[in-house]
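Quantities reported herein were computed from a predicted structural model and do not represent experimental measurements. Letters A, B, ... are given to chains in the order of the sequence lines, protein chains preceding strands, and every chain is numbered from 1.
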Amino acid sequence: MFKDIIKMSFKNLAMNKMRTFLTTLGIVIGITSIIALITIGQGVTSSVIDQLSGLGGNRVTVEITNTTVRKGFTDAEMESFLEITGVDGVSPTVRKNMVYTLVPGETNSNYNVVYNSTTRVMGVNNYYFQLVANDVIKAGRAITDDDIDNATHVVVLGHTLWKRLYGNYNPIGETIKIYNMDFVIVGIMSELVGLDTAGNHSLIVPYTTAMRDLQIGLVKTFDAVVSASEDMDIVVSQIDDRCAEIMGSTSGYSVVNQQEVMDIVVTITDLVLGMLAGIAAIALLVGGIGIMNMMLVSVSERTVEIGLRKALGAKPSVIMVQFLVEAVIISMFGGVLGVAFGAAIAYVASILIGYAFAFQATTVLLAVGFSVTVGLIFGILPARKAAKLNPIDALRAQ
Amino acid sequence: MLNAKKVLLSMKNINKSYPMGDSSLQVLFDVNFEVYQREFVSILGPSGSGKSTLMNIIGCLDVASSGTYILNGKDISKLKDKELASVRNRDIGFVFQSFQLLPRMSSIDNVVLPLIYAKVPAKERKQRAMVLLNKVGLGDKVMNKPKQLSGGQQQRVAIARAMVTDPAIILADEPTGALDQATGAQIIELFKQLNSEGKTIIMITHDPKIARQAGRIVHILDGRIYSQEEYERIYDEDGVKWTEREERPTIKERRRRRLANV
């Protein structure tokens, strides 16, 4: 009999196509906005977390904020942070716009003449490549610890810069001049996406070379990489003490635990997401009220029919189920469509904003389950009304 | 001769009253009557006599305020809503004045409807509906919607629907009320035929001519039941008590008074 009820419900819904469509639309809009917001939110949050956490343990960013007191850390000062228990390494970044030169014969660039230009030169160590993204080397190798120790003249090309200078040609082993000094190209980076894309346009060299030979100057900021098992509070306070020692003052610098920053970012995105989802839930609520409204109209339109069905032997529970089924069909259909639209919107957004699109099966189940629940809740009142109709009055209603 | 037959429906001291604010309005007074198997009974009464209320109670659409109602061996007075629904489904076949077919459904789907609620398998439903549609002479109109049928044909579909669960009684409420005389006569003929084949039929009507077509007439007036003999002893053919007949002005006299008033 349940099969018959479902068949009847579909027929009834098909009777009033426009009304059914508009009612479904209410649910579609609600579910679409919830799915789109949740999926976009999850994608953005996980991208942000990926970028902030990087590889292996936590990061503490040390920065000199008042450069009039002190211009920066020297090589040796920075390395002294490695003596703190729990600090696995330091990842400094020095940068400056500098002139570089391509000479035909030394390198096969897109230019047939001696080419001079200016771009950003970044001095880093191997941690930069580990922290900025996964699989960051497209060809060749990254800057190694040997390069740092020996201040070798090697350079890794940022992806955009390489494309502009060489097209698709692989220039590894060839030489370019930076600040009139020869540097051997040892690697090419993959394209960086997300928050930190500075590397795309840069010539990346060992920071020791940058400081000594290219005279970029002292290190104003670096990340201390702390092993995950350490108590962050203790390590952070020790780093702070060391800074104060070097600065000769307790001000003019900052020590920021990136884990805390990440926690704040996650808290804020969660909050914003929650608010947006709340607004979307209101849309769904309105959709639910739409279902209830339609069902109430349907019950009063079909009073005689309900009376007749009861006279012919339909139990109140059967009438109730029939109307509930109609409400659930609308809401379930709306839920499925909403998931499809929401996922599509989130996918387009992922391309436009540039984060990884990830769609979870649990989201689908949740959304469809949620919309069915809405259908049930808002269908109960009209269905009860129908079930309680007195067949005598209903038959007379004509 | 009647005593030899099985009693199918029996009402004892049935009263029905509706609450009206503080007081109540009594519609049926100590109704006692019986219907035997294979009988064709008509219940005759003018509007306001309580015949609709009686029909609703017979049809298990309503329950009596007091008294005992036994239908096909079941004590109806003690049943709940849910159980009443299944009695209506299995033991009663309704035929209404306005046919009450569902306009969106074909004839056969209308006939099948009670069988859905009886949980009969789909294939068997169609077969049984076809048999009955053939019987009422609409074998060639099974896919027609009610709108495509004449009034008489619609009532035939309704009769097929009433018979499809093979109920103990067919309960027809003014079955010819919405039909012209000739078509109405055909419907009555169909009832007679079904009765001769063994169906028990109860027909409610206000029309003495129609009522006389049945095997037996039960009169209802002001909420009380009278047999034909009792009724004739008390009332004349216009439903006026013999004892009050002398005081009743003739039509001529009434017209004279009306003119005098102007």
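Remark: side-chain polar atoms of T303(A) are paired, donor with acceptor, to backbone N or O of S300(A) under 3.5 angstrom.
Residue D109(B) forms a salt bridge (Lys or Arg N to Asp or Glu O under 4.0 Å) with just one option from R161(B), R104(B), K126(B), and that option is K126(B). Checking K315(A), K310(A), R309(A) one by one against Y117(B), the side-chain hydrogen bond (donor to acceptor under 3.5 Å, both in side chains) holds for a single residue, R309(A).
For R90(B), no part lies near chain A; criterion is any non-hydrogen pair under 4.5 Å. Interface remark: K119(B) contributes side-chain atoms only to the contact with chain A (heavy atom separation under 4.5 Å). Contact of I116(B) with chain A is made through backbone and side chain together, with heavy-atom distances under 4.5 Å.
No more than 12 heavy atoms of other residues, nucleotides or ligands shown are found within 6.0 angstrom of OH on Y347(A).
Chain A forms the most heavy-atom pairs under 4.5 Å with one residue out of R125(B), E83(B), M105(B), and that residue is R125(B). For the set P391(A), A311(A), S317(A), P316(A), the count of heavy-atom pairs under 4.5 angstrom toward chain B peaks at A311(A). Between chain A and the options T165(B), I92(B), L102(B), D62(B), the largest number of non-hydrogen pairs under 4.5 Å is found for L102(B).
A343(A) and I35(A) get closest at one heavy-atom pair: N-CG2, 3.6 Å.
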